[in-house]
Amino acid sequence: MRTHTCGEIRSSDIGKEVILAGWARLVRDHGGILFIDLADRYGTSQVVFDPECYESKDVQGRIQTSIETVGREYVLKVKGVVRKRVEGTEDARNPTGEVEVLIAEIEILNTAEVPPFELIDQKETLLANEDVRMEYRYLDLRRSKMIANLTIRNRIASVVRGYLWERDFLEIETPILVRSTPEGARDFLVPSRHNPGMFYALPQSPQLYKQLLMIGSADKYFQLARCFRDEDARADRQPEFTQIDLEMSFVDEEDIISLVEGMIVEIWRSIRGVEPKHPFRRMSYHEAMETYGTDAPDLRYDLPIIDVTDICRDSEYSIFQAIIKSGGKVRCINAKQIFSTDPNVPEDQGKFGRNWIDRLIDWTKDQGAKGLTWMKVIGNKVESNIVKYFGEKVQERLVNAMEGEQGDLLLFVADSPNRSSELAGRLREKLAQEMELIQPDRDEFVWIVDFPLFDIPTPGSRPQAMHHPFTSPEEQTVEYLGGDVSKLRSRGYDIVLNGVELGGGSIRIHRPEVQRKVLNILGVSEREAEEKFGFLLRALKYGAPPHGGIAIGFDRLVAVLLGIDTIKEVMSFPKNKKFQSLTDGSPSYVDEKQLKELQLLSLASPEKED
RNA sequence: GCCCCGGUAGUGUAGUGGCCUAUCAUCCGGGCCUGUCGAGCCCGGGACCCGGGUUCAAAUCCCGACCGGGGCGCCA
């Protein structure tokens with residue numbers, strides 16, 4: 001039907017007769033001469049109706065008549081000769097901008113209703129809100145940015161596949177209708193018609209299947225796997241999403257880490273054209289939590305969190321005293337050079353004056369902090385409303401510990417050890433935004449390692465798997481399986497980029513007796529273990545090889561690579577906050593007949609009950 | 001479950017009690033215009049989410065639905 005796409009024609013095509021097809025994106029009618037930007041996925045070409053260039057009035061009239069009916073987003077087929085644009089009217093921003101096609105024949109392949117919002121890139125300031133865009137997602141996708149996002153997503157997928165295939169990985173599909181297991185997120189359930197009252201779950205990840213594949217000698221498996229989790233959405237969380245899921249046999253942590261690092265470097269090289277610095281940094285979970293207050297630290301800026309509990313113990317500040325006595329910690333961040341050191345500038349002036357501090361205190365309380373204490377550094381002393389409770393020595397020690405200089409602002413959060421760390425971490429992130437410390441063109445990768453095997457929220461409470469129940473404990477700590485389980489460390493690893501957890505994995509348990517013990521510690525009874533995980537425990541008995549792997553959030557990877565903070569922009573048909581698709585109106589009520597077949601009739605839609 | 005923000009022409013917005021018969025842009029319709037490319041110019045068209053309340057008076061204040069977004073919890 002066409003000889004070229006709309007993004008293809010160049011100066012080298014001048015003189016050729018071409019046929020283009022696409023959407024009429026922008027019509028510019030000058031009364032005589034008339035231009036149409038014809039657009040498709042590949043680009044935009046200018047086609048021109050130039051009344052002086054036709055042999056007969058007949059031909060000219062015929063073309064003019066059809067062109068006059070063309071509206072926005074009409075689907076056109078245009079035949080004509082490529083010609084050089086008039087000197088000085090080239091469009092350098094467009095790869096096709098040196099040439100245009102003189103319309104010799106035009107056919108309207110389809111008309112179009114006026115679109116409900118603007119599709120032209122330059123009009124993005126009037127871009128419709130997300131709900132309108134989702135209702136007409138097919139139109140939204142026509143915007144060059146959106147189709148470009150999906151194109152890059154495809155290229156990344158292609159790099160991933162190429163990289164892994166080159167290394168002997170097998171892409172293997174695992175079932176979508178799977179067994180519901182009690183761990184982890186809430187499952188989406190699918191009723192079974194043949195087995196009334198029974199349900200499948202949609203997989204939260206192919207975890208157990210890829211382990212079975214290792215036992216089945218697959219050796220190197222991967223899949224761009226669709227995963228489903230029925231937990232509340234966020235900007236970077238959707239009910240269904242895609243993971244680069246992979247698993248290898250006869251490997252240790254270093255094998256997986258170097259494989260994934262190589263893959264990421266190759267993705268960056270082929271999409272961005274630059275290699276990130278590697279090998280990536282490594283950081284223990286402990287250091288991440290202590291210094292950055294999160295297991296996914298953003299290392300594009302510094303702002304370390306420092307534990308000043310011991311110094312504050314010697315103050316008379318009763319708020320700190322009470323928290324320290326009950327086992328809590330005081331953590332401090334130094335906002336470097338935040339206020340003016342000029343004594344002539346009043347303290348309520350400038351962006352970071354008292355008003356700003358007050359708003360920051362409010363924000364911290366909104367985050368669940370009991371409060372926020374601040375001190376300005378003046379010389380080797382500090383200044384604020386509460387310094388009177390801090391003796392001169394204590395002040396000096398604080399300034400030293402925080403490397404305080406004139407113009408610095410010290411911010412203190414006091415709470416339980418975990419809570420104070422988490423709050424300080426959020427404060428650190430907030431400060432970086434407010435102080436504009438984040439360099440957007442920087443990428444800071446880091447592997448977080450040395451996780452505890454279990455999360456024990458408060459001493460004595462039931463341990464929970466930090467990663468998942470199939471993560472192997474570190475050999476040196478295995479002895480604690482029967483004792484102090486808080487001392488167990490895991491063979492897990494997370495890959496973090498700019499404060500975003502891209503993925504995580506581990507070396508798995510391949511010995512059935514270790515798996516049983518871990519399930520036992522998690523409070524899964526022998527009977528329950530047999531019932532829910534029996535198939536895995538049995539499989540482990542039949543010569544399971546040592547194995548491990550990782551899952552990387554594909555949507556997040558694509559988004560972060562494009563510098564976008566919501567994964568909806570890199571998915572074709574995402575769902576909204578309530579998990580509805582405004583595109584197709586799902587979920588929906590279904591016919592009584594369907595419910596009857598599934599023996600779910602009591603759940604019939606309210607509308608149909610009357 | 002909870003918190004925050006928002007809902008004004010098709011779209012994006014302005015509008016903190018009377019000056020609103022509601023701003024601007026885009027859009028749509030009509031006209032002019034022979035080198036534009038977010039074309040330009042002129043004329044015209046089109047809206048206060050719903051239900052209560054306060055008030056002499058509500059787009060504006062209050063309460064409650066409903067809808068959308070962000071976050072907390074949750075997400076092994």
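Just so it is clear: chains get the letters A, B, ... in the order the sequence lines come, proteins before strands, and each one is counted from 1.
In terms of phosphate contacts, A:N129 brings a side-chain nitrogen or oxygen within less than 4.0 Å of OP1 or OP2 of B:G12. Phosphate contact (OP1/OP2 of B:C72, side-chain N/O of A:R234, threshold under 4.0 Å): present. Phosphate contact (OP1/OP2 of B:C28, side-chain N/O of A:R72, threshold under 4.0 Å): present. The shortest distance between the side-chain N/O atoms of A:Q367 and the OP1/OP2 oxygens of B:C3 is not below 4.0 Å. Residue A:K568 has a polar side-chain atom (N or O) positioned under 4.0 Å from OP1 or OP2 of B:G70. Dashed line: the shortest gap from a side-chain N or O of A:R237 to OP1 or OP2 of B:C72 is not under 4.0 Å.
The base of B:G38 does not come close enough to the side chain of A:R25 for any donor and acceptor atom to sit less than 3.5 Å apart. Counting distance only, with no hydrogens placed and no angle test, the side-chain atoms of A:K577 and the base atoms of B:G70 include a donor-acceptor pair under 3.5 Å. Counting atom types as modelled, A:E231 pairs no side-chain N or O with a base atom of B:G73 as donor and acceptor under 3.5 Å.
A salt bridge between A:E240 and A:R229 is absent, with no side-chain N of the basic residue lying under 4.0 Å from a carboxylate O of the acidic one. Look at A:R234 and A:D236 and you find no salt bridge, because none of the NZ, NE, NH1 or NH2 atoms lies under 4.0 Å from a carboxylate O.
When the P atom of B:G73 is taken as reference, atom CD of A:Q464 falls 14 Å away, rounded to whole Å. A:L102 places its CG atom 14 Å from the C1' atom of B:U34, with the value rounded to the nearest Å. One interatomic measurement links the two molecules: CD of A:E422 to P of B:C72, which rounds to 10 Å at whole-angstrom precision. Here the C1' atom of nucleotide B:C33 and the CD atom of A:E68 are 14 Å apart, to the nearest Å. Regarding A:R133, its CZ atom lies at a distance of 21 Å from the P atom of B:C67, rounded to whole Å. If you take CZ of A:R143 and C1' of B:U11, they are 12 Å apart, rounded to a whole angstrom. In this entry the distance linking CG of A:L34 with P of B:C32 reads 14 Å, nearest Å. Taking atom CG of residue A:D131 and atom P of nucleotide B:G10, one finds them 14 Å apart after rounding to whole Å.
No side-chain donor-acceptor contact under 3.5 Å links A:E422 to the backbone of A:S420. In this structure, the side chain of A:S45 engages the main chain of A:C6 through a donor-acceptor pair within 3.5 Å. Judged by distance alone, the side chain of A:N576 and the main-chain N or O of A:Q580 form a donor-acceptor pair under 3.5 Å.
The aromatic ring of A:F117 does not sit over the base of B:U11, since the test of centres under 5.5 Å and planes under 30° is not met.
Applying the Watson-Crick and G-U wobble criteria (two distances, each under 3.5 Å), B:U16 pairs with nothing in any strand. With a cut-off of 3.5 Å on both Watson-Crick or G-U wobble distances, the partner of B:G1 is given as B:C72. Pairing of B:C66, defined by two Watson-Crick or G-U wobble distances under 3.5 Å, is identified with B:G7.
When heavy atoms are screened at a 4.0 angstrom cut-off, A:D50 is found touching base atoms of the nucleic acid. Among the atoms of the strands shown, none is found under 4.0 Å from any heavy atom of A:Q238. A:S205 comes within 4.0 angstrom of a base, heavy atoms only. Using a 4.0 Å heavy-atom distance criterion, A:R83 is classed as a base contact. Contact annotation for A:V86: base contact, defined as any heavy-atom pair under 4.0 Å involving a base atom.
Place A:D366 and A:E130 on RNA chain B by their nearest nucleotides, and A:D366 ends up nearer the 5' end. Along RNA chain B, the nucleotide nearest A:P51 and the nucleotide nearest A:D29 are compared for position; the residue whose nucleotide lies closer to the 5' end is A:P51.
The same atom, C1', is picked in B:U8 and in B:U16; the two are 15 Å apart, to the nearest Å. B:G12 and B:C49: their P atoms are spaced 13 Å apart (whole Å). If you take atom C1' in B:G46 and the same atom in B:G52, they sit 29 Å apart, rounded to whole Å. The gap from the C1' atom of B:G31 to that of B:U21 amounts to 27 Å, rounded to the nearest Å. When the C1' atom is compared between B:A25 and B:A14, the two are found 11 Å apart, to the nearest whole Å. When the P atom is used for both B:U23 and B:A57, the distance is 25 Å, rounded to whole Å. B:G71 and B:G17 have their C1' atoms separated by 33 Å, given to the nearest Å. Taking atom C1' in both B:A9 and B:A22, one finds a spacing of 11 Å when rounded to whole Å.
Of the listed nucleotides (B:U34, B:U13, B:C37), B:U34 has the atom at the smallest distance from the side chain of A:I33. In the set B:C27, B:G10, B:G70, the nucleotide with an atom closest to the side chain of A:P116 is B:G10. Minimum atom distance to the side chain of A:E100 is reached by B:G35, of the listed B:G35, B:C75, B:G71. Side-chain proximity of A:L582 to the nucleotides B:G35, B:G68, B:U26 is greatest for B:G68. With B:C37, B:G70, B:G35 as the choices, the nucleotide that has an atom nearest any side-chain atom of A:R28 turns out to be B:C37. Closest to the A:L126 side chain, of the nucleotides B:G73, B:G12, B:U36, is B:G12. Out of B:U11, B:C74, B:G68, the shortest distance to the side chain of A:Q580 is found at B:G68. When distances run from any side-chain atom of A:D91 to the nucleotides B:C37, B:G73, B:G70, the shortest one goes to B:C37. Nearest nucleotide to the A:T89 side chain, out of B:U34, B:G35, B:G68: B:G35. The side chain of A:N576 has B:G68 as its nearest neighbour among B:A25, B:C37, B:G68.
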From CA spacing to verdict: side-chain hydrogen bond (donor to acceptor under 3.5 Å, both in side chains), A:T44, A:D37: CA-CA 6 Å; A:T44 305; A:D37 280 348; over 6 Å; no
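In terms of heavy-atom proximity, A:F241 sits nearest to A:R226 at O-CD, 3.2 Å.
Counting heavy atoms of neighbouring residues, nucleotides and ligands inside a 6.0 Å radius, atom NZ of A:K365 does not exceed 12 of them.
Taking the six-membered ring where the residue is Trp, A:F188 and A:F228 present perpendicular rings, their angle passing 60° and hence far from 30°.
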